[in-house]
Engineer: 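Supplied in structure tokens, the structure appears directly below.
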2 protein chains.
Amino acid sequence: MAREMSQLKKALKQAGYKLTPARLAVIGVLQTHCEHYSHQQILTEGRKIYPKLSRATVYRTMELLVDLRLVRPIYLNDPTQRFVMATGGHHHLVCSNCGDTIEFDHCTTEQLAQELATKYNFQINSHLLEFQGLCKACH
Amino acid sequence: MAREMSQLKKALKQAGYKLTPARLAVIGVLQTHCEHYSHQQILTEGRKIYPKLSRATVYRTMELLVDLRLVRPIYLNDPTQRFVMATGGHHHLVCSNCGDTIEFDHCTTEQLAQELATKYNFQINSHLLEFQGLCKACH
DNA sequence: TATATAATCGAGACTTCTTCTCAGTTAGAG
DNA sequence: CTCTAACTGAGAAGAAGTCTCGATTATATA
């Protein structure tokens, strides 16, 4: 966790951005609670670290992190935008009924990614694989 | 296209919902322009079919179609929620820089889906596989 | 075909989310 | 330590999404 945290900080700094308390609070939230946080949740959690944190700054910081491809936005099962770390891939099973989300690790997209990169001359940085259906409690 | 259209209509009817002009306009948009439309775009396009179409009805209809698992929401490269048909899977390459989206057909997740369904006792209905990176124009 | 009625609608008020503006503050280079 | 461009919080403004309610209508049934 501490290692990833310093990675984010390092990336920000290398890109020429200042490491302000507000940004460190947002990064802190993203790192400590490895979840799928919305802007609102990041604001609420971030204020526990840095109480003055403003809503606008959360939006600005997340936009920055997305631009730098350090995090990426996803939708789960409600109309709220959420974020995950952009390192590697993300793999979910999302229940269409209760919204429950299971993460799984094993992923078989390596070879496909290779093929697509060649075919479309596309530099692939991360991926999202999401299955939708009904969890065991809902079917 | 006409076949898919009647599938959507049939599904709505079978579920006990009325086929109103407003709903047919929304369905018409989803079917005719096989794209990733936002609420706003569906409203604008839908009004070309049925001018009285209201914003609230677009939201209501999309919620309905998502509940019935006929469409599913996705996120591409801006903070707007969009929708795709929920049949089968969806496969995109999304450029982090210009937002350009390439769709591809070949997908290798069948076996993985099987394994996960068994492991988590999860009934999988559709999937989304999305690679993020830089398109050939942006790197 | 006509009728009854529950489902659905449009309009607009209202709430929530996101962006913008601006004057004050500050991280970090020198 | 000083200076300055980068950054911030606060709140206004604009956009997106939800809710309410009286009017309308698709469709089952006769």
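In what follows, every chain begins at residue 1, and chains take the letters A, B, ... in the order their sequences are listed. Computed from a predicted model, the values in this text were never measured in an experiment.
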Engineer: Is there side-chain contact between L116(B) and F122(B), with heavy atoms separated by less than 4.5 Å?
Structural biologist: no
Engineer: For the pair made of CD in Q14(A) and C1' in dG28(C), what is the distance, rounded to whole Å?
Structural biologist: 16 Å
Engineer: Report the distance from atom CE of M62(A) to atom P of dT19(C), rounded to the nearest whole Å.
Structural biologist: 12 Å
Engineer: Do nucleotides 25-30 of chain D as a string where each nucleotide becomes B, S or -: B if the base has a protein heavy atom under 4.0 Å, S if just the sugar-phosphate does, - if no protein is that close.
Structural biologist: BBS---
Engineer: Please state whether the rings of H92(A) and H36(A) are parallel, tilted or perpendicular, taking 30° and 60° as the class boundaries.
Structural biologist: perpendicular
Engineer: Side chains of M62(A) and V58(A): does their closest heavy-atom pair fall under 4.5 Å?
Structural biologist: yes
Engineer: Is the distance between the ring centroids of H127(A) and H90(A) less than 6.0 Å?
Structural biologist: no
Engineer: Can you find a side chain N or O atom of T57(B) that sits less than 4.0 Å from OP1 or OP2 on dG10(C)?
Structural biologist: yes
Engineer: Would you name the heavy atoms of I27(A) and K9(A) that are closest together and state the gap between them?
Structural biologist: CD1-CG, 4.2 Å
Engineer: For Q114(A) and E110(A), test the side chains for any donor-to-acceptor distance below 3.5 angstrom and give the result as yes or no.
Structural biologist: no
Engineer: Just wondering, do K10(A) and K13(A) contact through their side chains at under 4.5 Å, heavy atoms?
Structural biologist: no
Engineer: Quickly work out the E63(B) CD to dC9(C) P distance and round it to whole Å.
Structural biologist: 13 Å
Engineer: Grab the two heavy atoms, one from Y50(B) and one from A25(B), that are nearest each other, plus how far apart they are.
Structural biologist: CB-CB, 3.7 Å
Engineer: For DNA chain D, which residues in residues 37-51 of chain B have a heavy atom at a distance below 4.0 Å?
Structural biologist: H39(B)
Engineer: Judged by each residue's nearest nucleotide on DNA chain D, which is more toward the 5′ side, Q81(B) or V58(A)?
Structural biologist: V58(A)
Engineer: Can you see if the side chain of Y59(B) gets near the phosphate of dG17(D) - specifically, an N or O under 4.0 Å from OP1 or OP2?
Structural biologist: yes
Engineer: Using the rule given for side chain to side chain donor-acceptor pair (under 3.5 Å), can you reason through R69(A) versus Q132(B), listing the C-alpha separation, both sets of side-chain angles and the distance that settles it, and then say yes or no?
Structural biologist: CA-CA 9 Å; R69(A) 289 168 211 122; Q132(B) 288 230 337; over 6 Å; no
Engineer: Locate the shortest heavy-atom distance separating S38(B) from R82(B); write the atom from each residue and the value.
Structural biologist: N-NH1, 3.9 Å
Engineer: Looking at dT8(C), I'd like to know if its phosphate oxygens (OP1 or OP2) sit under 4.0 Å from a side-chain N or O belonging to R23(B).
Structural biologist: yes
Engineer: With 3.5 Å as the limit, what N/O pairs link the protein to nucleotides 19-22 of chain D?
Structural biologist:
from    : atom 1 : to     : atom 2 : distance (Å)
dT20(D) : O4     : R60(B) : NH1    : 3.4

Engineer: Could you state the atom-to-atom distance from CZ of R55(A) to P of dA12(D) in whole Å?
Structural biologist: 15 Å
Engineer: Taking the six-membered ring for Trp and the single ring otherwise, decide whether the centroids of Y59(A) and H39(A) are under 6.0 Å apart.
Structural biologist: yes
